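Heavy atoms only: backbone and side chains are in, while hydrogens, waters and symmetry mates are out. Everything numeric in this text was worked out from a predicted model, so none of it was measured.
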Amino acid sequence: MVPGPRSGLSVALRWGLFAILGVFALIYLFPLFVMVVTSLKTLDEVRAGNLLSLPREPTIAPWVSAWSTTCVGLTCEGLKGYFLNSILMTVPAVAISAVLGALNGYVLTKWRFKGDGIVFALILFGCFIPFQIVLLPMARTLGLLGLASSTPGLIFVHVVYGLCFTTLFFRNYYAAFPNDLVKSAMIDGAGFFRIFWRILLPNSIPIIVVTVIWQFTNIWNDFLFGVSFAGGGGAMPVTVALNNIVNSSTGVKEYNVHMAAAIIAALPTLVVYVLAGRYFVRGLMAGAVKG
């Protein structure tokens, strides 16, 4: 069968679309290319110019320096310690906020109560509160709780601030979940937590992935809360340490080390998106049916 003009036009449009997307992809990946190439060059080669050129003598010394001998202020320490701080802060904060958000969404959709609409409106309002507004109240709260300048304090901050978003995600997702299934479980004698753990949560994988990606990215990349509540350095996350690297008072701008440190700091979020990114839009659409 000879293809008609319409099919030929569709093929041309498809290839044209691929070409445009390819150009945008190259533009988007260009900064990453510059960072990787610069991180593999010696400092002398970086200072010689040729930003886009490949390294003549590739070296991983900048990566080793960024990981183990990073200068923070007047002292030099390893970035790996701050990297560990971010892991100890992010993983519990993501898990706690996701579980609490799931419980809130479950209550607001399947265990309706008087005034639940007002409660949800207040939670929704919390999504629009800027970071800067909560700094002073949160600092006062952490001081009263004895959590100032500590990793548990940062976990508490991120759980409280992220709870509005996680509640919104799960509430919209559970609004589309069949009420008859929940009522049948109630008739069979299942209680509040049994229904949640045995029925709703196992069917919430798409929105759990969305929540984990959203929270992990926001918490890992956060700088304002980290620099405000981490104190002198014991609980300092990797983003704050990265800022101190670039603004080191030693007077030497080691651009290759800076680029290596930036890539190291961004690797966890990149890994999360590579492994679970394809489920992100699917989970959002699953929760957009009704709500």
Side-chain angles (χ1 to χ4, degrees), residues 24-94 151 154 158 212-277:
F24 279 111
L26 290 176
I27 295 174
Y28 184 80
L29 293 174
F30 179 74
L32 179 60
F33 170 78
V34 173
M35 292 176 65
V36 173
V37 169
T38 303
S39 69
L40 296 175
K41 295 179 180 178
T42 63
L43 190 56
D44 291 336
E45 188 175 353
V46 173
R47 290 170 176 170
N50 298 325
L51 184 67
L52 303 181
S53 64
L54 296 176
R56 292 191 296 269
E57 298 179 1
T59 175
I60 62 170
W63 289 76
V64 175
S65 180
W67 181 252
S68 59
T69 57
T70 298
C71 291
V72 180
L74 297 176
T75 60
C76 291
E77 301 178 16
L79 186 65
K80 57 185 177 182
Y82 303 107
F83 194 92
L84 180 60
N85 286 345
S86 288
I87 293 176
L88 295 177
M89 172 191 68
T90 303
V91 174
V94 170
T151 298
L154 288 175
H158 287 295
V212 168
I213 292 177
W214 175 272
Q215 280 292 86
F216 187 92
T217 304
N218 286 334
I219 296 173
W220 185 274
N221 291 335
D222 170 69
F223 173 78
L224 184 60
F225 286 160
V227 75
S228 300
F229 304 130
M236 187 184 297
V238 70
T239 50
V240 179
L242 180 62
N243 176 74
N244 293 341
I245 295 168
V246 178
N247 297 293
S248 174
S249 60
T250 58
V252 179
K253 293 295 184 180
E254 297 179 312
Y255 297 105
N256 51 354
V257 177
H258 299 169
M259 293 299 180
I263 296 174
I264 292 173
L267 276 178
T269 52
L270 180 62
V271 171
V272 168
Y273 270 107
V274 169
L275 295 179

Over all heavy atoms of both residues, which pair between [X] and [Y] is shortest? Give the atoms and the distance, please.
X: Val240; Y: Val227; answer: CG2-N, 3.5 Å
X: His158; Y: Gln215; answer: O-NE2, 4.0 Å
X: Leu242; Y: Ala262; answer: CD1-N, 3.7 Å
X: Pro62; Y: Thr59; answer: CD-O, 3.7 Å

Suppose we screen for ring-ring contact (aromatic ring centres under 6.0 Å, His included). Which residues come up paired with Tyr255, at least two apart in sequence or across chains? none
Donor-acceptor contact below 3.5 Å, side chain Ser68 vs main chain Val64: yes
So does Met89 get a backbone contact from the side chain of Asn85, meaning a donor-acceptor N/O pair under 3.5 Å? no
Spacing of [atom1] belonging to [X] relative to [atom2] belonging to [Y], to within rounding of 0.5 Å:
X: Thr38; Y: Phe33; atom1: OG1; atom2: CZ; result: 9.0 Å
X: Asn218; Y: Phe225; atom1: CG; atom2: CZ; result: 10.5 Å
X: Glu254; Y: Arg47; atom1: CD; atom2: CZ; result: 8.0 Å
X: Ile264; Y: Phe83; atom1: CD1; atom2: CZ; result: 8.0 Å

Is there side-chain contact between [X] and [Y], with heavy atoms separated by less than 4.5 Å?
X: Tyr273; Y: Thr217; answer: yes
X: Ile263; Y: Trp63; answer: yes
X: Ser39; Y: Asn256; answer: no

How about Leu29: does its CG atom have over 12 heavy atoms from other parts shown lying under 6.0 Å from it? yes
Quick one: side-chain contact (heavy atoms from CB on, under 4.5 Å) partners of Pro55, sequence neighbours excluded? Val37, Leu40, Lys41, Glu45, Pro58
Across all chains, not counting sequence neighbours, the side-chain hydrogen bond (donor to acceptor under 3.5 Å, both in side chains) partners of Ser86 are none
Walk me through it: do Thr239 and Tyr82 pass the test side chain to side chain contact (heavy atoms under 4.5 Å, CB included)? CA-CA 8 Å; Thr239 50; Tyr82 303 107; over 6 Å; no
